[in-house]
Amino acid sequence: MTEPAIEAPLARWGRRRPQVFSALAWTLGGLMLAFIALPLLRLFASASPSSLEGAASSRSVLGAVRLSLQDAGITALLAALGGVPLALLLARRRFRGKGLVQAVVDLPLAVPHTVAGIALLFVFGRNGWIGSLAEGAGVSFFGTQWGIVAGMLFVSAPFMVNSARVAIESVDPRMEQAARSLGASPWHAFRRITLPLSARGILTGMVLTYARSISEFGAVVILAYFPMTAPVKVYDLYLQQGLAQSAAAAVLLLVVTLSTFLVFRTLASGRLLAAR
Amino acid sequence: MPVLEVRDLCVRVGTFELHDVSLELEEGEVLVLLGPSGAGKTVLLDTVAGFHRPRAGRVHVSGTDVTLLPPEQRRLGVVFQEYALFPHMSVLENVSFGPRARGSRDASRNRKALERLGIAHLADRRPGSLSGGERQRVALARALVTEPRALLLDEPLSALDAPTRDELREELAAFLEDSGTATLYVTHDRAEAFVLADRVGLLFDGRLRQVGEVAEVLQEPRDVEVAAFLGMEVMGIANVVPPHRAELGGLELVVEDARGITGPAALCYRAEDVVILGEGREAPNVFGGRVERVIHSIPLSRVEARTREGLAIFASAFARDVLERDLRAGVEVVFHVPPASLRVARLTPEVADG
């Protein structure tokens with residue numbers, strides 16, 4: 001045997017106690033899970049049926065929830081429209097500066113969202129490059145739905161592009177080449193081969209984009225405090241009326257967003273919850 | 001006019017380069033490109049198919065210059081190593097993909113293509129549920145139904161397990177001959193090349209070294225790498241003095257044909273051409289030596305020996321002879337390498353024109 005002397009005792013220890021490894025994984029994993037689930041459970045517990053009823057009958061709360069759902073949906077569609085072509089280029093083409101492009105795509109993940117909001121305001125504000133042009137066409141990004149969508153799109157775009165890129169990368173390029181050699185144009189090969197085979201990943205990207213958008217606060221609140229999206233409304237209630245009053249609206253928002261997220265996720269993955 | 005003509009093709013993919021490849025594929029012919037992995041066979045096939053753009057050179061299909069045309073306008077059928085069947089479509093949908101992409105709605109033609117390859121009963125199955133052999137037939141049917149000018153096959157047997165491969169090799173050879181479609185076939189497997197090829201082209205390090213009929217290439221390998229790849233033993237580097245003399249490590253050897261080569265060149269031979277004599281004889285190329293190792297096998301065993309001058313000699317002999325003569329390590333023997341079986345091969349590659 002040429003086993004190194006230092007490794008031998010460790011390896012023997014690991015072999016004799018496989019159950020320790022397993023127990024450690026379950027304990028630490030369980031703590032992580034509890035950390036995520038406990039605050040949400042506690043929030044649900046705080047809401048009485050009457051306070052929920054109150055929140056559900058408040059026109060401003062309902063309006064905020066509806067606005068969030070709508071704008072997150074629009075954002076998911078816009079993200080797919082621009083994100084899938086970008087993902088296709090990243091997955092299939094070799095070009096100079098590809099690493100830089102990928103870094104730019106990932107940038108919103110690292111930018112604090114209030115910073116993103118301020119940066120967006122520079123471009124989309126009344127005096128910004130795009131904002132001033134849009135203003136001329138009668139479209140304003142400050143304090144409008146367009147501003148909300150811009151904020152949502154900025155912070156959620158990496159989820160769309162990366163999901164779609166991974167999905168397209170998993171399609172064997174030989175299949176596209178086979179389609180081309182059989183007489184298909186690049187567009188036809190994409191629509192009949194690449195798109196159907198990566199559809200699930202692209203849909204997953206849209207669901208993630210939707211979920212990220214609906215939960216966005218920082219970037220949105222700078223571009224549009226009004227009209228209020230649901231997270232802004234909850235924050236507003238918290239500031240004006242305190243923890244108890246904001247909790248009911250928070251639970252309502254949670255229920256609506258979680259249920260839509262689960263529905264979309266199930267549609268995208270073809271299975272309910274996570275049963276494998 | 002050749003169905004496919006490749007002229008002075010230079011391609012660079014990443015750090016790999018294909019240099020000045022020229023070849024012609026005639027109507028109904030199977031040309032097998034043979035070479036070790038990494039030689040550039042697939043790059044060449046992909047460039048012909050239109051998946052890579054060459055840096056220089058032309059590709060003609062039936063006289064039309066297709067060098068700058070996209071793959072869909074070249075009318076070449078491609079079968080890939082792993083077949084690249086469309087997993088989300090049935091067998092019939094896979095086969096009708098080509099005709100539909102070209103705007104044809106003639107369903108009977110697609111059915112006929114399935115029948116021709118004996119896979120009509122699989123029409124509604126998904127590729128994922130098929131065996132390797134069945135997949136290959138689907139891939140062939142899918143390529144042939146578009147009536148391509150030529151077929152490009154990239155190691156179509158290497159994805160199969162060994163027994164299936166041997167079976168399908170014969171089947172594929174018969175099918176290609178029967179279909180009469182000109183075929184450019186890429187493989188690293190010598191046996192596959194010999195069974196399938198009308199002509200064989202040897203590709204090494206991105207260069208086409210030699211093109212010819214199988215028997216011709218086996219008999220007259222042009223350079224030492226080709227000779228070694230085709231299973232010849234390399235005796236060593238000799239100084240060749242035409243017409244018949246070669247000096248190798250102090251030994252005087254006789255070659256039948258120096259093939260116009262003067263000076264340093266490799267001497268190659270086939271182990272089965274080496275004769276093991278009982279005793280010395282006055283003839284050219286006879287060496288005394290000692291057996292170093294015997295590898296018993298069927299039908300031929302391999303005898304590894306070294307001459308008194310230190311030259312390694314390999315001989316193949318029937319297992320029966322090896323046993324009868326009690327050849328084993330340490331036994332003194334006399335070898336005869338007939339001048340006719342001693343080949344002179346160039347050391348530097350020579351680019352072939354196919």
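All chains are named by letter (A, B, ...) in the order of the sequence lines, taking the proteins before the strands, and each is independently numbered beginning at 1. Side-chain atoms are counted along with the backbone in the values below, which use heavy atoms only and exclude waters and symmetry mates.
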Q) Of the listed residues (B:V79, B:T146, B:D46), which shares the most heavy-atom pairs with chain A below a 4.5 Å separation? A)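 Answer, by heavy-atom pair count under 4.5 Å with chain A: B:D46.
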
Using heavy-atom distances under 4.5 Å, tell me whether [X] contacts chain B through its side chain, its backbone, both, or neither.
X      : value
A:L197 : side chain
A:R94  : side chain
A:P186 : both

Are [X] and [Y] packed together at the side-chain level, in the sense that at least one heavy-atom pair is separated by less than 4.5 angstrom?
X      : Y      : answer
A:D172 : B:F80  : no
A:Q177 : B:P71  : no
A:L182 : B:R102 : no

Counting heavy atoms not belonging to [X], are there more than 12 under 6.0 Å from its [atom1]?
X      : atom1 : value
A:F95  : CZ    : yes
A:K98  : NZ    : yes
B:E26  : CD    : yes
B:R100 : CZ    : no

Q) Which heavy-atom pair separates B:P87 from A:M175 by the least distance, and what is that distance? A)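 Result for this residue pair: CD-SD, 3.6 Å.
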
Q.
Please give me the minimum heavy-atom distance between B:A84 and A:A178, naming the atom from each residue.
A.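 In terms of heavy atoms, the two residues are closest at O-CB, 4.1 Å.
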
Q.
Taking side chain as everything from C-beta outward and backbone as N, CA, C, O, which of these in B:A143 sits under 4.5 Å from a heavy atom of chain A? Side chain, backbone, both or neither.
A.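 When you check distances to chain A, only backbone atoms of B:A143 fall under 4.5 Å.
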
Q | Portion of B:R142 that has a non-hydrogen atom of chain A nearer than 4.5 angstrom | A |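 B:R142 touches chain A through backbone and side-chain heavy atoms alike.
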
Q) Taking atom CD of B:E72 and atom NE2 of A:H188, what is their separation to the nearest 0.5 Å? A)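 Here the interatomic distance stands at 10.5 Å.
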
Q) Which residue, B:V78, B:L85, B:D154, forms the side-chain contact (heavy atoms from CB on, under 4.5 Å) with A:R174? A)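 Result for side-chain contact (heavy atoms from CB on, under 4.5 Å) with A:R174: B:D154.
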
